[in-house]
2 protein chains.
Amino acid sequence: MGNYDSMEKSKAKTLKALGFLIRQHRRAVGISQEELGLRCDLDRTYISGLERGVRNPSLTAIVALAEGLGITVSQLLDNLEIEITRTE
Amino acid sequence: MGNYDSMEKSKAKTLKALGFLIRQHRRAVGISQEELGLRCDLDRTYISGLERGVRNPSLTAIVALAEGLGITVSQLLDNLEIEITRTE
DNA sequence: GTGTGACTAGCAGTCCGTG
DNA sequence: ACACGGACTGCTAGTCACA
């Protein structure tokens, strides 16, 4: 533990898990990445990167996303740890 | 809405709210900023900046914080929106 | 409608210190 | 035990053209 590789892997899992949750909520709302981008004032390709788990958003970006999805940050991240462990 | 000033202000409120929540949970656990820093592998001065609301952490940093506090991310951010609006 | 690589500016996060 | 500062490196925000 504490070595670089395992740390980077766990971060990658975290981002993948977030991406899954964002996509799940976006589809539940029934909008495109483009529409979500418009609603939370984030670039379409940035949303794409988030859903693919290649972006590590800041808190303020996460808050904007939750607002665009019409839910709270806590609701958006509710199953984060579950999704992280699910891919292990 | 949508202008720069109001957007920066709302981001500042978000960070202040997070700082409040981190401090609240840290004190509930009964540990120092330094101890929390050790537990989640983040710098002592960075924890300080977070609690003062002058830092905007990434998702992976938020996850590390929650782990260090022994709670889920969702629990840590549970009252975020409430705290944001409380300071308005 | 989405995935992807590349890009610049700016900030995340560390390490040194002070009071 | 904490606030706060400067300086530093690497990473992130935000965007673009193209597939």
Side-chain angles (χ1 to χ4, degrees), chain A residues 2-5 7-69 73 76-77, chain B residues 2-5 7-69 73 76-77:
Chain A
N3 68 70
Y4 268 0
D5 287 350
M7 206 149 57
E8 292 315 308
K9 276 183 195 168
S10 76
K11 286 186 181 178
K13 280 178 201 163
T14 299
L15 302 186
K16 293 267 189 195
L18 175 71
F20 177 82
L21 293 175
I22 292 174
R23 182 162 289 178
Q24 196 175 14
H25 279 100
R26 177 175 63 80
R27 288 183 171 163
V29 177
I31 57 177
S32 65
Q33 292 179 347
E34 195 162 8
E35 175 60 26
L36 177 56
L38 288 171
R39 292 194 190 186
C40 56
D41 202 39
L42 290 173
D43 196 84
R44 170 186 73 76
T45 64
Y46 187 58
I47 306 285
S48 171
L50 287 171
E51 291 193 359
R52 283 176 290 131
V54 298
R55 294 287 195 152
N56 185 15
S58 64
L59 176 66
T60 52
I62 296 169
V63 169
L65 278 165
E67 284 177 357
L69 289 168
V73 174
L76 174 59
L77 302 179
Chain B
N3 69 69
Y4 271 173
D5 288 350
M7 208 147 58
E8 293 315 309
K9 276 184 193 166
S10 76
K11 285 186 181 178
K13 280 178 199 161
T14 299
L15 301 186
K16 292 269 189 192
L18 176 71
F20 178 82
L21 293 174
I22 292 174
R23 180 161 292 179
Q24 196 175 15
H25 279 99
R26 178 176 62 81
R27 288 184 171 161
V29 177
I31 58 177
S32 67
Q33 290 180 347
E34 193 162 8
E35 175 62 26
L36 176 57
L38 288 171
R39 291 192 190 188
C40 57
D41 203 38
L42 289 172
D43 197 82
R44 168 182 67 80
T45 65
Y46 187 57
I47 305 286
S48 170
L50 286 171
E51 290 194 0
R52 283 178 288 135
V54 298
R55 293 290 194 152
N56 186 17
S58 63
L59 176 66
T60 51
I62 296 170
V63 170
L65 280 165
E67 283 177 357
L69 289 167
V73 174
L76 174 60
L77 302 178

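A, B, ... follow the sequence lines: proteins, then strands. Residue 1 opens every chain. Values in this document were obtained by computation on a predicted structure and should not be read as measured data.
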Check this for me: does the side-chain of Thr45(B) come within 3.5 Å of the base of dC15(C) through a donor and an acceptor?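 Such a pair exists between side chain and base.
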Going by modelled atom types, is there a donor-acceptor pair between the base of dG17(C) and the side chain of Arg44(B) at under 3.5 Å?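 A donor-acceptor contact between them is present.
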Whole-Å gap separating [atom2] ([N]) and [atom1] ([X]):
X	N	atom1	atom2	value
Ile47(B)	dA3(D)	CD1	P	11 Å
Leu38(B)	dG13(C)	CG	P	17 Å
Glu51(A)	dT2(C)	CD	C1'	9 Å
Leu59(B)	dC11(D)	CG	C1'	14 Å
Gln33(A)	dT2(C)	CD	P	4 Å
Asp43(B)	dA7(D)	CG	P	17 Å
Arg52(B)	dA1(D)	CZ	P	18 Å
Arg55(A)	dC7(C)	CZ	C1'	11 Å

Can you tell me if the side-chain N/O atoms of [X] get under 4.0 Å from OP1 or OP2 in [N]?
X	N	answer
Arg23(B)	dA3(D)	yes
Arg26(A)	dT2(C)	yes
Asn56(B)	dC11(C)	no
Tyr46(A)	dA13(D)	yes
Ser48(B)	dC2(D)	no

Let's test this: given Watson-Crick or G-U wobble pairing with both distances under 3.5 Å, identify the partner of dA1(D).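 No nucleotide pairs with dA1(D).
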Paired nucleotide for dG1(C) [Watson-Crick or G-U wobble; both distances under 3.5 Å]: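 Here dG1(C) is not engaged in any pair, so there is no nucleotide opposite it.
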Shortest non-hydrogen contact from Gly68(A) to Cys40(A)?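 It is CA-CB, 4.1 Å.
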Smallest heavy-atom separation, Pro57(B) atom then Leu18(B) atom, equals CG-CD2, 3.5 Å
Do side-chain atoms of Arg26(A) reach the backbone of Ile22(A) as a donor and acceptor pair under 3.5 angstrom?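 No.
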Is it true that a side-chain atom of Asn56(A) and a backbone atom of Leu59(B) form a donor plus acceptor pair closer than 3.5 Å? yes
How would you label the contact of [X] with the nucleic acid (heavy atoms, under 4.0 Å): base, sugar-phosphate, or nothing?
X	result
Arg27(B)	nothing
Ser32(B)	sugar-phosphate
Leu42(A)	sugar-phosphate

From Leu65(A) CG over to Ile47(A) CD1, what is the distance, rounded to the nearest 0.5 angstrom? 5.0 Å
Atom CZ of Arg44(B) and atom CD of Gln33(B): how far apart are they, to the nearest 0.5 Å?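 Rounded to the nearest 0.5 Å, the CZ-CD separation comes out at 8.5 Å.
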DNA chain D: 5'-proximal contact among Leu50(A) and Ile31(B) (nearest heavy atom):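 Its nearest nucleotide lies further toward 5', so the answer is Ile31(B).
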Contact nearer the 5' end of DNA chain D, comparing Ser58(B) with Glu34(B): Glu34(B)
